Amino acid sequence: MGLEVLKELSEAFGVSGCEEEVRKLIIEAIQGYVDDYSVDTIGNLIALKKGPPRPSLKVMVAAHMDEVGLMVTHIEKDGTLRFRPVGGIDSRILLSKVVLIGEGKVPGVIGTKPIHLLKDEERRKVVKVDQMAIDIGASSKEEAEEAVKVGDYAAFATDFVQLGDTVKGKAFDDRVGCAVLIELLKERYPFDLYAVFTVQEEVGLRGARVAAYAIEPDLAFVLEGTICDDMPKKKDVSPTTEVGKGPAITIVDRTFFADRRLIKLLIETAEEEGIPYQFKQPVVGGTDAGAIHLTKEGVPSATVAVPCRYLHSPTCLLSLADFENTVRLMKAALLSFNNLCKVMVLKGES
Amino acid sequence: MKELIKRLTEAYGPSGNEEKIREVIREEIKGLADVKVDALGNLIALKKGRGGGIKVMLAAHMDELGVIVTHVDEKGFLRFAPIGGVNPLTLLGGRVVFSDGTVGTIGMERREPGEEKKIPGFDKLYLDVGAKDKDSVPVRVGDVASFSRPFVAQGDRLMAKGFDDRIGCAVLIEVMRELKDSPHDVYFVFSVQEEVGLRGAITSAYGIDPELGLSVDVTATGDTPEARTMAISLGKGPAIKVKDRGMLAHPRVKRLLIETAEEIGIPYQLEILEWGTTDATVIQVSREGVPAGCVSIPCRYIHTPSEMVDYNDVKGAVKLLVALLSKPIEIG
């Protein structure tokens, strides 16, 4: 289910502020499944799937198109490129990685000193981003400038590959959310569904803020690829989420408290349908829901995510069963119209 | 009013978990105003005026600090994270209570040689609810506990957990009771999620769209041994905010409060708080902007399980607000 779309989305180029390629792919993928779509001023793709003539609910489901990456900030005389991260990147994962730069997708390597030359103390130190450079094989500034320019984005060059019941690829945060949302659009729901593919989540939930303001939804769901830290540990502490244990439901993260009634709806739906689920470690991370739930007079919101190992690195890994179960859970929850209505009726009472 | 304060401070209600405290307040204000709850859970009570006045929003937050379970280990111990600005220093030896009444005590991992004098971080602490194993733990990941500490009145000095900002809630309730004749439509907002980012005030201010916004919250003092310098003391009257980390009070609002205090002859203090802020910060920048200010209750040991206020300051704040809301207000 949706594997081909997930592969295309994962391999597409879409660092925050530069989501056009991803947006085009999604527009193609949702053709025939939506009644209308538009792109707003900041670049969000907003697709409307209409409900019955007199729907009593307006539900927003959001997934962000952007991924973390790099931006070229300076070109050196020797033709190497200085850069800065866009979004949260751990500099330890950068050395020796291949990136694709700018519209021309010019390949480049983030250079590193060979181990033979490293002094003991250097091995123990983390190299800072401002000491790194991308090598595109140019021998001078002029030659480099023919291929790239300051302000160009760079994304990791990572192939999408199936590994048993899992897949590895880049940008599952949040292309897997986009893929889930595309799957959801294949169903018709008893309300107006606004599927919003947002921009600039990784740099401050910016797209979701304006989209929610325009849509003014009654309820919102955010679909994500989320942190997973389930490798063996010394201490018996939270793995945040675990691969293969089902969709992760957020209770609270840095940006919002999920609406308790929506959490209950998700749990009840999962239990009725026999879908495995887990709770994400509380207070960790943040999603577009942080912006959406504070829109205007407030929007009851919830986040459901596919656990992804090695998030924000060039290569993430997720379980296909988790992906499918996230689609199943969300579809069933959205189809339980009466339960969604209960949240609505209670909206003013709680 | 001490009974009310006791009831409010002893109620359970960490940020995002305000159901119980909301019900306590709802009961206390029954019949005094039109009440609704918005999407985030703010309790909004409108006391309509006789006409000819303005739309005023008074905000006090219902939520308090807490801890949230992040993991239940195989032996039945719980790892946790703070909700709001909890200092681990205030936790050791303390107890917390969950909404279902389950009590937990806070334990600490052994400290490595050389680390004995360090204050343990949250990653070194755990909650012990007395469970014998994982299966007998009565709470689960995502459940939230608040400090457990009874209210004490020792003369005029009151001690409790959660004066921040249940004392503000008490002031609002008392103002609702005593305000008999006002030209203004007054929205009493008992807000949620202040401690995690002033969130309830953001949506409630948007919904109300007030012409004047005032928060009622606690402020720190400089009157304790070797305290950080601050010109606020317990018992010298309610504080009228000049500025804090998030807001410069609207000059006319500040003046209005000062003039009112002087008209009715109550002591007051002027507050410059170097850290921390209140709901008024987001009310001030709501929509097209709202003239905003804050009436503060001086409070020692903020964000610990044993905060302390002076009863006279609380009564002074009530008098000040009742007097302000009883007269015409012009903000130009």
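Residue numbers begin at 1 in each chain, while the letters A, B, ... track the order of the sequences. Just so it is clear, the structure is predicted and the values come from calculations on it, not from any experiment.
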Can you tell me which portion of B:S15 sits under 4.5 Å from chain A's heavy atoms? Options are side chain, backbone, both or neither. both
Non-hydrogen atoms of chain A under 4.5 Å away: do they reach the side chain of B:L43, the backbone, both or neither? neither
Spell out the residues in residues 118-136 of chain B that have some non-hydrogen atom less than 4.5 Å away from a non-hydrogen atom of chain A, in order of number; otherwise answer 'none'. B:D123
Quick check for you: among A:T250, A:T255, A:V252, which has the greatest number of heavy-atom pairs under 4.5 Å with chain B? A:T255
Would you say CZ of B:R95 has more than 12 non-hydrogen atoms from neighbouring residues, nucleotides or ligands within 6.0 angstrom? no
Has the side chain of A:D236 got a donor or acceptor atom that lies under 3.5 Å from a matching backbone atom of B:E74? yes
So, the part of B:N17 with a heavy atom under 4.5 Å from chain A: the answer is both
Contact origin within B:V192 toward chain A - heavy atom pairs under 4.5 Å: neither
Which residue out of A:F279, A:F256, A:F257 racks up the most heavy-atom pairs below 4.5 Å with chain B? A:F257
Scan B:L40, B:I202, B:T203 and name whichever one has a side-chain contact (heavy atoms from CB on, under 4.5 Å) with A:H293. B:L40
side-chain contact (heavy atoms from CB on, under 4.5 Å) between A:V237 and B:R79, worked out: CA-CA 7 Å; A:V237 294; B:R79 296 288 171 167; 3.9 Å; yes
Heavy atoms of A:P282 and B:T70 approach each other most closely as CD-CA, 3.7 Å
Turns out that what part of A:V283 lies under 4.5 Å from chain B's heavy atoms comes down to side chain
Which heavy-atom pair separates B:A39 from A:R261 by the least distance, and what is that distance? O-NH2, 3.9 Å
Counting only heavy atoms closer than 4.5 Å, note whether A:R260 contacts chain B via side chain, backbone, both or neither. side chain
Top contributor to chain A interface from B:V72, B:I68, B:N42 [non-hydrogen pairs under 4.5 Å]: B:I68
Ranked by heavy-atom pairs below 4.5 Å to chain A, first place among B:G16, B:A205, B:G207 goes to B:G16
Salt bridge (charged side-chain N to carboxylate O under 4.0 Å, His left out) partners of residues 187-214 of chain B, not counting sequence neighbours, each pair once: B:D209-B:R287
At their closest point, which heavy atom of B:V141 faces which heavy atom of A:I251, and how far apart are they? O-CD1, 3.5 Å
Would one find more than 12 heavy atoms of other residues, nucleotides or ligands at under 6.0 Å from atom NZ of B:K55? yes
Among A:Q281, A:K235, A:K296, which residue forms the greatest number of heavy-atom pairs with chain B at distances under 4.5 Å? A:K296
Structural part of A:T240 lying under 4.5 Å from a heavy atom of chain B: neither
Does atom CZ of B:R111 have more than 12 heavy-atom neighbours from other groups under 6.0 Å away? yes
